[in-house]
Amino acid sequence: MVRYSSPQVSHVRVRFPPSPTGIPHLGNTRTALFNFLFARHNNGKFILRIEDTDRSRLVKGAEDKIKEILNWLDLSWDEFYRQSERLPLYKEKANELIKKGVARKDEGAVRFIIPKGKKISWEDAIGNKKISFKSDDIEDFIILKSDGYPTYHLASVVDDSDMKISHVIRGDEWISSTPKHILLYEALGWQHPIFAHLPVILGPDHTKLSKRHGAESVLDLRDKGFLKEAIINFMALLGWNPGGDREIMGISEMIKLFDLQDINTGSPIFDIKKLEWMNGEYIRKTQNSKLKSQILEFDPKIAQIEKFEQYIPLAKTRMKTLADFRVLVENQKDASLNERQKKLAQELVNAYRKLPEWKSALISTATIGVRDQIGASTQDVYAVLTGRPQGLPFEQKLEIQGQAGTISWLEGVLKR
RNA sequence: GGCGCCUUCGUCUAGCGGUCCAGGACACAGGGCUUUCAUCCCUGUAAUCACGGGUUCGAAUCCCGUAGGCGUCACCA
């Protein structure tokens with residue numbers, strides 16, 4: 001089936017509105033990604049809005065972390081707002097609602113009055129379905145707290161209108177709040193934006209993502225050695241399918257293909273195995289020079305390993321994450337050897353000393369010769385040479401490591 | 001419990017009434033390549049399309065129920 005890019009929607013303005021009460025997890029970050037993709041696909045604006053209206057739950061540094069995540073992933077925003085700086089606007093609207101008789105004072109707070117016997121419905125852009133609620137099932141709710149700050153409901157409606165948000169793309173845990181928002185839009189005489197409620201990502205235990213699931217934020221994944229390109233690609237494909245069998249896709253390709261119509265209605269489950277595979281795919285297709293800087297950025301101390309960059313082509317096909325590089329390149333110093341392996345080490349030292357030239361072909365024949373002469377196995381060779389049962393192709397690794405370095409390593413092994 | 005959303009291999013998904021006794025990817029198993037481990041290549045296991053009723057010549061695809069899962073019922077977002 002031939003697929004075409006979906007047509008552009010005009011005047012698209014979307015927002016990502018995290019509350020600075022913690023570090024966004026993968027699910028929240030994917031919501032940001034989808035908003036970003038939608039904005040860029042339609043040549044619209046992507047707005048970052050900090051929803052800091054709950055003073056008691058503010059976490060210091062959270063806002064910086066949110067920005068760090070978006071910046072690292074290159075999800076750049078076009079406009080920035082902070083709700084705590086817009087208090088007069090919310091207060092004004094709350095008062096307007098009181099004057100209209102649709103809100104009332106309640107112990108220092110302001111409560112919105114739900115009209116009776118109304119049916120509230122909207123067409124949701126995810127799954128193209130109509131969702132409806134009865135107003136009688138909803139209770140009067142607070143819109144302005146006694147500390148003068150608005151609740152999410154009032155603030156988001158006022159801001160989305162003020163900022164001319166065209167599409168509200170958010171997690172589907174907001175579905176049951178949406179009728180409240182629609183009622184507010186109506187009471188204020190405004191038209192509501194298009195709603196798109198994304199199924200949330202679940203953990204392996206089929207419940208909401210949480211700390212228990214390990215890698216809960218993109219920053220944690222980054223610290224484990226995952227590449228942003230892989231994370232973005234993986235997150236995008238959780239719940240979104242651009243059609244066909246395409247899996248490995250760059251951000252520009254995603255922007256070209258993104259369409260709310262292609263987002264699934266069911267909740268996907270986060271499976272780190274697939275992310276690991278995808279990360280490996282990205283590592284393999286990254287240019288060596290770029291991989292070098294990524295490894296250095298991830299683990300600056302790698303620079304202390306002599307000629308480390310020469311190992312990159314060898315390590316590339318054996319890495320799932322950037323963290324794997326060190327393990328591949330560095331020998332295991334405290335491995336214990338049996339008698340046969342010690343003998344192998346001794347004979348190897350003798351053989352290596354006699355080599356006229358330190359080249360992989362010569363290293364290889366010498367090593368295999370000793371191995372067979374002693375009756376050792378290839379696993380023994382790796383155990384002796386690296387301290388691990390397997391590793392980078394030894395003759396190439398040894399050539400890079402150098403004759404002197406290799407011999408002193410083996411002598412160290414023999415002293416244990 | 002009320003209200004709402006969801007339901008195709010273990011997982012991500014394709015599928016929009018016939019070409020599907022359901023295709024791809026990850027994971028897993030076996031094989032090839034190979035001086036290790038990988039990469040790469042091939043093969044395989046795995047979904048009676050949650051279940052039960054309809055509609056139709058024909059349903060994974062449409063309709064209705066049931067079950068299960070998830071979400072939400074705060075002066076949190």
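Just so we're on the same page: letters track the sequence lines, and every chain starts at 1. These numbers come from the heavy atoms of this one structure, side chains and all, not from hydrogens, waters or symmetry mates.
- Of the candidate nucleotides B:U13, B:G24, B:C6, B:G24 has the atom lying nearest to any side-chain atom of A:Glu247.
- Residue contacts for A:Phe133: at a heavy-atom cut-off of 4.0 Å it reaches the sugar-phosphate backbone alone, with no base atom in range.
- Residue contacts shown for A:Thr367 are absent, as no nucleic acid heavy atom lies under 4.0 Å away.
- Counting any heavy atom pair closer than 4.0 Å across all strands shown, A:Thr21 reaches no nucleic acid atom.
- Side-chain polar atoms of A:Thr378 and A:Arg371 form a donor-acceptor pair below 3.5 angstrom.
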- Message: With side-chain hydrogen bond (donor to acceptor under 3.5 Å, both in side chains) as the criterion, how do A:Asp334 and A:Gln332 come out once you've worked through the C-alpha distance, each side chain's angles and the decisive distance to 0.1 Å?
- Response: CA-CA 6 Å; A:Asp334 49 8; A:Gln332 172 98 48; 2.9 Å; yes
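- No contact: A:Glu276 has no heavy atom under 4.0 Å from any strand.
- Base pairing annotation: B:G18 forms a Watson-Crick or G-U wobble pair with B:C57, both donor-acceptor distances under 3.5 Å.
- Nearest nucleotide to the side chain of A:Arg57, out of B:A77, B:U7, B:U36: B:A77.
- Residues A:Thr321 and A:Asn279 bring no donor and acceptor atom of their side chains to less than 3.5 Å of each other.
- Which of B:U39, B:C5, B:C26 sits closest to the side chain of A:Arg284 comes down to B:U39.
- Using a 4.0 Å heavy-atom distance criterion, A:Gly266 is classed as a sugar-phosphate-only contact.
- B:C26 and B:G10 make up a base pair, with Watson-Crick or G-U wobble contacts both under 3.5 Å.
- Across the interface with RNA chain B, nearest-nucleotide mapping of A:Met319 and A:Trp277 shows A:Trp277 to be the residue nearer the 5′ end.
- Looking at heavy-atom distances under 4.0 Å, A:Pro199 makes no contact with the nucleic acid at all.
- Looking at which nucleotide of RNA chain B each of A:Ser267 and A:Leu275 is closest to, the 5′-most match is held by A:Ser267.
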